[in-house]
Amino acid sequence: MSEPLPPQYNPAETERALYQWWQARGWRNEPTGDPDPYVVMMPPPNVTDRLHMGHGLNLTIQDTLIRFERMRGRAVEWIPGTDHAGIATQNMVERILGKEGTTRFDVGRDAFVERVREYVRDTGGVILQQIRALGASCDWSRTYYTFSDQLSRAVRETFVAWYQKDLIYRGKYIINWCPRCLTALSNEEAEKQETSGTIWRVRYPLEDGSGAIEVATTRPETILGDTGVGVHPEDPRYATLLGKRVLVPLTGRAVPIVADDAVDKEFGTGAVKLTPAHDPLDFEIAARTGLPSIDVLTPEARMAETVPDRFQGLDRLEARTRVIAELAAEGLLVKSEPHTHAVGRCYRCDTVVEPRLSDQWFVRMQRLAEPALAAYRNGTLSFVPERWGPVYDQWMAGIRDWCISRQIWWGHRIPVWYCDGCGTRTASVTDLYECKGCHGPLRQDDDVLDTWFSSQLVPFSSLGWPDRTKDLARFYPGHVLVTGPDIIFFWVARMVMSGLDCMGSLPFTTVYLTGIVRDPKHQKMSKSRGNGIDPLAVIERFGADALRYAVLSGAAVGTDVILDPSDLETSFGPGRNFANKLWNAGRFILSNLDGPVRPLAGKYPNVVRGEELALADRWIIARCDAAVRETTQAYERYRLNEAVGAAYRFLWSDLADWYIEQVKPRLYGDQPGGDVARAVLARVFDVSLRLLHPAMPFITETLWQRLPGHAANASIESGPWPVADARAADAAALAEFGIVQEIVGAVRSIRAEYAVQPGQAIRVSITDASKVARRAMTAEEGTIRRLARASALGTGGEGHAQGAAHAVLQDGTTVTVPLGDLIDVERECARLGTELERLTQLIASQQTKLANEQFTSRAPEAIVAKEREKLGSWREQAETLRRKRAQLGCAG
RNA sequence: GGGCGAAUAGCUCAGCUGGUCCAGAGCGCCUGCCUUACACGCAGGAUGUCGGGGGUUCGAAUCCCUCUUCGCCCACCA
């Protein structure tokens, strides 16, 4: 019915076309009639991003969850989008301008913004294309962009609403300034890094010449901006100095010694130099004590005109060296010592940020945070894994105001207009041109908003908010948010707050935090470290399914995923191999389904009735049902690695290694049961493909398409998902076929041990067979013989004791393989002896355990019974071993 | 300075609510096989004081304490 399949699966050949087919056909995304669609918002990559492994992990997890829910018949909606990424994107275009020998300032604001727009038009969206390569089944018809007209409207709407509610204010505070990006940053954007540096002790002479006071600093250049020295009000050392003045070194400026509780008596000398323009604590103290502030830095972090001539224009670090030298020359440098402290760095360019006094816009967070914190504390918002909850809690509880203005040009311009004529200020959703009061011209604020201001609105702005659209009604709120823990504060927390404020409800109820992709040295993968893996290269070489398998099987809930960039084979080979295993199992099964497959009676998926089922059939059906149960539960609990593992083991270990092997003669020969075997194969393979489809969509769809019996243009992705069925449970079949496996294993072991030629047939005798073993032998004699390569399988063991190898199964059933001259009696004695010894020890400790009244009285009934049973079976095994050894005439 | 996480086979990791999943997988390693679905495979095999030390318990890789070593996050000690 179909052309022969090649023995190796070639993903490159099929994936792209398959994705197109899916798209053309349309995901079953449209939530028709489902009052509770499963909605997932894709974290928007930056427009200029290219796919990296972090995306690979994140998108795979989302797509797997989405496909699982979709197959279960739930309406799903997975919305993709991109982020205009203010600073990051602007930086890229500025770099290009740099190569052209110009700057954004040369080009001018409007032209520059146009230039970025063009750049984004050309290169942006590449990642959206690349996401397809992973197989992501998202709803492309609703793709959003955080800088589109629609989302810009939402941004303004939110800004104005918050401005009017007094949640947004403008003020002069110490912010983190990036001298490279030339903009203010939020606290979250200034990444604190432990850095080893130096701390200097400097002497400030008292103005009246009566002595000096020593202070410590890690940034000596800021001395030039000192406007005071602070001490603790109750510090006896300085009580008499309060109110006196000191001379700031190198400037000759006389500044007061002030008292403030915030000064730590224990640290250093207990006196602190105060530079209100460049330190948050100093700023606060200055505000309380009325000290002025002197800004000594230019935006580029060079020394400003406020410092003595000889320092002006120097870079902050040059200035530092110079200041130290001069202090030393003047004898004011007391000492310097190594010191490690946290230094902030720009999260976009890694430049050391400078705390700097400046006029910025802030969001007052307290009121927004309260309900967001409550949502977590009362359990309506939960984290997977749970341990991230406290992280969120701690941040929310200690929340600080959010600096949202950026002195860059690429982004949502702050919707505030100033009238220079009458000095008024107006926030407005629409552009304003004329002052209502004095009818003078208006000027819009120069700054743009933090890019996260627009990202935080995505759960509803992407659905049409502030309009009350149909989409908004159907898709808000969503369910699970899948993202990395590194953006809990940037994004997750803020979506929660804005969602609660703007929409009145949580944007999602579960936050699934993925791990981070690292290399074997546990270093985060990044381009800058050069330890990245290009997912597209992996997809090309191993296939998207192999990539997905690798990240899923490596991603237990909340653990990092380790991949080795220098050994792609080890990282992605197993996934490819598994796909190939599936391919070949499929090839085998399909090639045997040529004729019409008589559909099995019974309810989907597993139960077969009214057929003559072989033991192996009952066994695989029971195993299949267990796999369905296990896989489903694992997916439901976000344990994707376990879900994939369960399906993997069923397909490979049960179906391929045993069932397919068992079934071969029934298919090839004229032996009975061929039809049943075909039907069972078709069914359990169909189930396997379904179980694996969320994780490995391409290969499963490719094979499923070739299975007979489904409607034209049907896709596996539409489900249904296999349902576990209690009627498939078959403990007897599991036990009996288990014995078959044990016998075959025992014989194979013996063959290997005694180096029996692979082609040489041997005879196998079973003695002391348990009831279960006898049934197993009757039912699957042919299977045992074939897989063990036994010419005969008998139940008498007479006369074989000498010159035979033995194995005793758990239930005491003994497998005897007469090998004549091949047997070395001593060796066989030793083999059995070792086994016996192990058992004897087990029995001894088991007896102790069961003799312990503490155990028998306190442990649950069932456990005790189980333990008794174990002891019994071990005794039986040991007994048989002893008898065998006696027959062999073993010593001891 | 706080908080969190991790330490299990040579490597990368599973092991969920303490009791057979006599501690598992993949990769690597050793032995033998191109057995007509698959050498991206098949069969067999070796390797673990479950980081150290204490404790709780009838019973601990699993719970508690402590130590050691890594990693991460938060923090206005200049």
Side-chain angles (χ1 to χ4, degrees), chain A residues 5 7-9 174 192 199 215-219 222 230 262-264 266-269 271-275 279-284 339 341-342 355 385 387-388 390-391 394-395 398 485-486 488-489 516 518 520 522-524 542 546 553-554 556-564 567 569-571 573-592 634 637 639 641-642 645 648-649 656-657 660-661 664 668 745 748-753 755-759 787 789 810 838-839 842 849 852-860 862-864 866-867 870 874:
Chain A
L5 304 176
Q8 276 193 2
Y9 172 56
I174 297 277
K192 290 298 175 68
I199 186 163
V215 300
T217 181
T218 54
R219 291 180 299 154
T222 63
V263 180
D264 184 350
E266 310 304 318
F267 188 85
T269 57
V272 59
K273 64 190 269 312
L274 297 171
T275 322
D279 184 278
L281 182 66
D282 295 4
F283 175 77
E284 282 173 30
H339 181 71
H341 57 140
R387 80 182 129 91
W388 291 108
V391 174
Q394 193 191 340
W395 185 82
D486 47 337
I488 291 179
F489 310 140
I516 291 173
R518 301 177 185 279
H522 290 95
Q523 291 195 304
K524 202 168 160 177
F542 297 92
S553 60
V557 174
T559 61
D560 291 339
V561 176
I562 312 292
L563 295 171
D564 189 348
D567 187 2
E569 186 60 37
T570 295
S571 299
R576 175 208 49 204
N577 295 354
F578 180 47
N580 196 238
K581 187 71 183 179
L582 258 174
W583 178 255
N584 276 290
R587 219 157 61 93
F588 172 82
I589 291 167
L590 289 168
S591 70
N592 284 292
R637 299 171 65 201
R639 296 177 170 268
N641 60 325
E642 291 177 20
Y648 176 103
R649 284 191 298 276
D657 288 349
I660 285 183
E661 291 308 323
K664 278 176 180 173
Y668 294 156
R748 282 170 171 173
S749 242
I750 287 168
R751 294 184 69 112
E753 180 94 11
V756 178
Q757 291 299 310
L787 298 186
R789 299 210 168 199
Q810 300 234 15
R838 191 181 67 83
L839 274 172
L842 274 178
K849 192 187 231 178
N852 186 344
E853 204 199 316
Q854 299 280 12
F855 172 69
T856 48
S857 63
R858 294 195 196 191
I863 297 282
V864 178
K866 231 181 198 172
E867 298 294 326
K870 276 197 278 182
W874 289 338

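Just the heavy atoms: all of them, side chains too, but no hydrogens, waters or symmetry mates, feed the values below. Order of the sequence lines fixes the chain letters, A, B, ..., with proteins taken first and strands second; residue numbering starts at 1 for each chain.
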Notebook entry, point to check: Can you tell me how far P in B/rC65 sits from the matching atom in B/rU56, rounded to whole Å?
Noted result: 15 Å
Next item on the list: Starting from the C-alpha separation in whole Å, work towards a yes-or-no answer on side chain to side chain contact (heavy atoms under 4.5 Å, CB included) for A/D279 and A/T222.
Entry: CA-CA 9 Å; A/D279 184 278; A/T222 63; over 6 Å; no
Item checked: P gap between B/rC13 and B/rA6, integer Å -> 13 Å
Check: Base, sugar-phosphate, or nothing: which does A/R751 touch, judged by heavy atoms less than 4.0 Å apart?
Finding: nothing
Item checked: A/H341 side chain near A/I199 side chain, heavy-atom distance below 4.5 Å -> no
Notebook entry, point to check: With rounding to whole Å, what would you report as the distance between B/rA39 and B/rU47 at their C1' atoms?
Noted result: 25 Å
Check: With a non-hydrogen cut-off below 4.0 angstrom, is A/D657 in contact with a base, only sugar-phosphate, or nothing?
Finding: sugar-phosphate
Check: Should A/I516 and A/D560 be marked as a side chain to side chain contact (heavy atoms under 4.5 Å, CB included) after you check the CA-CA gap, both sets of side-chain angles, and the distance that decides it?
Finding: CA-CA 5 Å; A/I516 291 173; A/D560 291 339; 3.7 Å; yes
Next item on the list: Any strand is fair game: report the nucleotide pairing with B/rA78 by Watson-Crick or G-U wobble, both distances under 3.5 Å, or none.
Entry: none
Notebook entry, point to check: Which residues satisfy the side chain to side chain donor-acceptor pair (under 3.5 Å) test with A/E642, sequence neighbours excluded?
Noted result: A/R639
Note to self: When the C1' atoms of B/rG48 and B/rU31 are compared, how many Å lie between them, rounded to an integer?
What the structure shows: 22 Å
Notebook entry, point to check: Would you say A/N577 and A/K581 make side-chain contact, with heavy atoms under 4.5 Å?
Noted result: no
Notebook entry, point to check: For the atom pair CG (A/L582) and CZ (A/R587), what is the distance rounded to the nearest 0.5 Å?
Noted result: 13.5 Å
Note to self: Heavy atoms from C-beta onward define the side chain here; which of B/rC38, B/rA78, B/rC16 lies closest to that of A/N584?
What the structure shows: B/rC38
Checklist line | G-U wobble or Watson-Crick pairing nucleotide for B/rG18 (cut-off 3.5 Å, both distances) | finding: none
Notebook entry, point to check: For A/W583, which contact category applies under a 4.0 Å heavy-atom criterion: base, sugar-phosphate, or nothing?
Noted result: nothing
Item checked: Same-atom distance (P) from B/rC50 to B/rU8, integer angstrom -> 11 Å
Notebook entry, point to check: Quantified in whole Å, what is the C1' atom distance between nucleotide B/rG15 and nucleotide B/rG2?
Noted result: 32 Å
Note to self: Measuring to OP1 and OP2 of B/rC42, would you say a side-chain N or O of A/K581 lies under 4.0 angstrom away?
What the structure shows: yes
Item checked: Any strand: nucleotide that pairs with B/rC72 via Watson-Crick or wobble, under 3.5 Å -> B/rG3
Next item on the list: Compare side-chain N and O positions of A/H341 against OP1 and OP2 of B/rC76 and report whether any pair is under 4.0 Å apart.
Entry: no
Notebook entry, point to check: Quick one: which of B/rC76, B/rG44, B/rC77 gets closest to the side chain of A/A752?
Noted result: B/rG44
Next item on the list: Map A/E661 and A/R639 onto RNA chain B by nearest heavy atom, then report which one ends up closer to the 5' terminus.
Entry: A/R639
Checklist line | Side chain of A/K273 (C-beta onward), nearest among B/rC27, B/rA78, B/rG44 | finding: B/rA78
Item checked: Presence of A/K664 side-chain N/O under 4.0 Å of B/rA37 phosphate oxygens OP1/OP2 -> yes
Margin query: Using OP1 and OP2 only, check whether a side-chain N or O of A/N577 sits under 4.0 Å from B/rG41.
Written below: yes
Next item on the list: For B/rC64 and B/rA46, measure between their P atoms and round to the nearest Å.
Entry: 35 Å
Next item on the list: Identify whether any heavy atom of A/I660 sits under 4.0 Å from a base atom; if not, whether one sits that close to sugar-phosphate; answer base, sugar-phosphate or nothing.
Entry: base
Notebook entry, point to check: With nearest nucleotides of RNA chain B determined for A/V561 and A/A656 from heavy-atom distances, which residue corresponds to the more 5′ nucleotide?
Noted result: A/V561
Next item on the list: Please work out if A/R637 contacts a base, only the sugar-phosphate, or nothing of the nucleic acid, heavy-atom cut-off 4.0 Å.
Entry: base
Checklist line | Sugar-phosphate only, base, or nothing, as touched by A/F489 at under 4.0 Å among non-hydrogen atoms | finding: sugar-phosphate
Check: With sugar-phosphate meaning primed atoms plus P, OP1 and OP2, does A/A342 contact a base, only sugar-phosphate, or nothing at under 4.0 Å between heavy atoms?
Finding: base
Checklist line | Under 4.0 angstrom between A/T559 side-chain N/O and B/rA14 OP1 or OP2 | finding: yes
Item checked: Given B/rA37, B/rG44, B/rC40, the nucleotide with the shortest approach to the side chain of A/Q8 -> B/rC40
Next item on the list: Check the angle between the aromatic planes of A/W583 and A/Y9 and answer parallel, tilted or perpendicular using the 30° and 60° thresholds.
Entry: tilted
Check: Across all strands, who's sitting opposite B/rG32 as a Watson-Crick or G-U wobble pair, both distances under 3.5 Å?
Finding: B/rC42
Checklist line | Heavy-atom pair with the smallest gap, counting every atom of A/R751 and A/Q757 | finding: NH2-O, 2.9 Å
Check: With both distances kept under 3.5 Å, what pairs with B/rA25, Watson-Crick or G-U wobble?
Finding: B/rU12
Note to self: Can you tell me which nucleotide in B/rC40, B/rG19, B/rG15 comes closest to the side chain of A/R576?
What the structure shows: B/rC40
Check: Just checking A/R387: base, sugar-phosphate only, or nothing, at a heavy-atom cut-off of under 4.0 Å?
Finding: sugar-phosphate
Next item on the list: Once you apply the 3.5 Å cut-off to both distances, tell me the Watson-Crick or G-U wobble partner of B/rU57, or none.
Entry: none
Checklist line | Rounded distance in Å between the P positions of B/rG18 and B/rA61 | finding: 13 Å
Note to self: Need one value for A/R789: base, sugar-phosphate or nothing, where a base atom within 4.0 Å counts as base even if backbone is also close, heavy atoms only.
What the structure shows: base
Item checked: Closest nucleotide among B/rC76, B/rC27, B/rA78 to the A/H339 side chain -> B/rA78
